[in-house]
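Count residues from 1 along the sequence.
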Amino acid sequence: MRRDVLKVLVFADDRFIADLLANILKYFGHHPLVYADPQSCPLYIDPRCSCSNDEPCADVIFIGTDLEERSGVDFLSRQRDRGCKAPAENIALLGAELSPEQAGKVRELGCRYFNVPFLTLEIVRWLDQCLERKKGFPASRP
């Protein structure tokens, strides 16, 4: 039986973390697209741009907290301000411990945070929850 597939964007300049996450995602049958910097997202490049998509460009988005030109929290905030359609609960930041201000911003945006190093099982459970939200059913994994 084929597992449902999530399209996952990964913005992380830490190559080890990006590759590890991509391998986990592929192992569980998901489709990751990995970018070393946020300039791959049109909402990042053009300051006048707002998301023109009718649907989210991905089911799940992972963002590293320490991107090359700005913090992951700033990048996420900018995406949300410009109309990113991805559900906030399906967006996660990955990285070292956040400052109290950053942690508050992540909570305010309604996103998830994973401290690095993370547990693979924790990521997999969260992905299951994202998949269930996509399908409109409650998550089944304990």
Side-chain angles (χ1 to χ4, degrees), residues 1-46 49-142:
M1 182 175 188
R2 188 164 188 267
R3 179 182 171 90
D4 291 312
V5 177
L6 292 170
K7 180 178 179 184
V8 183
L9 299 182
V10 178
F11 295 98
D13 62 355
D14 182 322
R15 199 73 226 158
F16 176 78
I17 295 298
D19 289 345
L20 176 61
L21 194 54
N23 287 328
I24 291 168
L25 292 163
K26 287 176 191 173
Y27 179 82
F28 285 96
H30 301 302
H31 180 68
L33 298 170
V34 179
Y35 302 99
D37 65 59
Q39 294 191 23
S40 306
C41 177
L43 297 182
Y44 180 84
I45 297 169
D46 186 352
C49 182
S50 64
C51 183
S52 61
N53 294 339
D54 292 330
E55 299 289 324
C57 59
D59 301 310
V60 174
I61 301 175
F62 285 97
I63 302 170
T65 57
D66 295 317
L67 300 173
E68 193 169 307
E69 294 184 23
R70 75 176 42 229
S71 80
V73 176
D74 290 343
F75 172 58
L76 172 58
S77 184
R78 182 184 226 180
Q79 279 186 303
R80 303 314 285 174
D81 289 346
R82 294 185 178 173
C84 177
K85 304 290 189 302
E89 59 271 12
N90 287 10
I91 299 175
L93 276 94
L94 298 161
E97 193 169 327
L98 297 175
S99 71
E101 180 182 321
Q102 289 174 318
K105 186 67 175 173
V106 171
R107 278 191 303 277
E108 178 184 310
L109 291 168
C111 302
R112 179 69 191 262
Y113 172 73
F114 292 100
N115 194 41
V116 174
F118 53 80
L119 296 173
T120 301
L121 183 58
E122 189 178 12
I123 297 285
V124 171
R125 284 181 176 155
W126 182 72
L127 288 169
D128 283 346
Q129 293 169 358
C130 293
L131 184 59
E132 294 304 323
R133 281 189 289 270
K134 176 183 175 183
K135 295 182 342 185
F137 299 107
S140 58
R141 211 180 278 248

Note to self: Minimum heavy-atom separation for Leu9 and Ala58, please, with both atom names.
What the structure shows: CG-CB, 3.5 Å
Notebook entry, point to check: Are the side chains of Lys135 and Asp4 in touch, meaning some heavy atoms are under 4.5 Å apart?
Noted result: yes
Next item on the list: Have a look at Val8 and tell me which of Leu33, Val60, Asp59 forms a side chain to side chain contact (heavy atoms under 4.5 Å, CB included) with it.
Entry: Val60
Check: What distance do Leu6 atom CG and Cys130 atom SG have between them, rounded to the nearest 0.5 Å?
Finding: 6.5 Å
Note to self: In terms of relative ring orientation, are Phe75 and Phe11 parallel, tilted or perpendicular, with 30° and 60° separating the classes?
What the structure shows: perpendicular
Notebook entry, point to check: Which distance, rounded to the nearest 0.5 Å, do you find between the CG of Asn115 and the CG of Leu93?
Noted result: 11.5 Å
Next item on the list: Flag the pair Arg133 / Pro87 as yes when at least one side-chain heavy-atom distance between them is below 4.5 Å, and no otherwise.
Entry: no
Notebook entry, point to check: How many angstroms lie between atom NZ of Lys7 and atom CD1 of Ile61, to the nearest 0.5 angstrom?
Noted result: 10.0 Å
Item checked: Nearest heavy atoms of Leu94 and Phe62, plus distance in Å -> CD1-CD2, 3.8 Å
Item checked: Shortest non-hydrogen contact from Val34 toward Ala18 -> CG1-CB, 3.7 Å
Margin query: Measuring from atom CG of Leu21 to atom OG1 of Thr120, what distance do you get when rounded to the nearest 0.5 angstrom?
Written below: 9.0 Å
Note to self: Taking Pro32's backbone N and O only, do any of them form a donor-acceptor pair with Lys26's side chain (distance below 3.5 Å, no angle check)?
What the structure shows: no
Checklist line | Arg125 and Glu122 ion-paired at < 4.0 Å | finding: no
Check: Does some side-chain heavy atom of Ile24 sit less than 4.5 Å from a side-chain heavy atom of Phe28?
Finding: yes
Notebook entry, point to check: Tell me, do Val10 and Leu25 make a side-chain contact under 4.5 Å, heavy atoms counted?
Noted result: yes
Notebook entry, point to check: Taking atom CD of Gln102 and atom CG of Leu76, what is their separation to the nearest 0.5 Å?
Noted result: 11.5 Å
Item checked: Side-chain donor or acceptor of Lys134 paired with backbone N/O of Val5 under 3.5 Å -> yes
Margin query: Return the CD to OH distance between Glu97 and Tyr113, rounded to the nearest 0.5 Å.
Written below: 7.0 Å
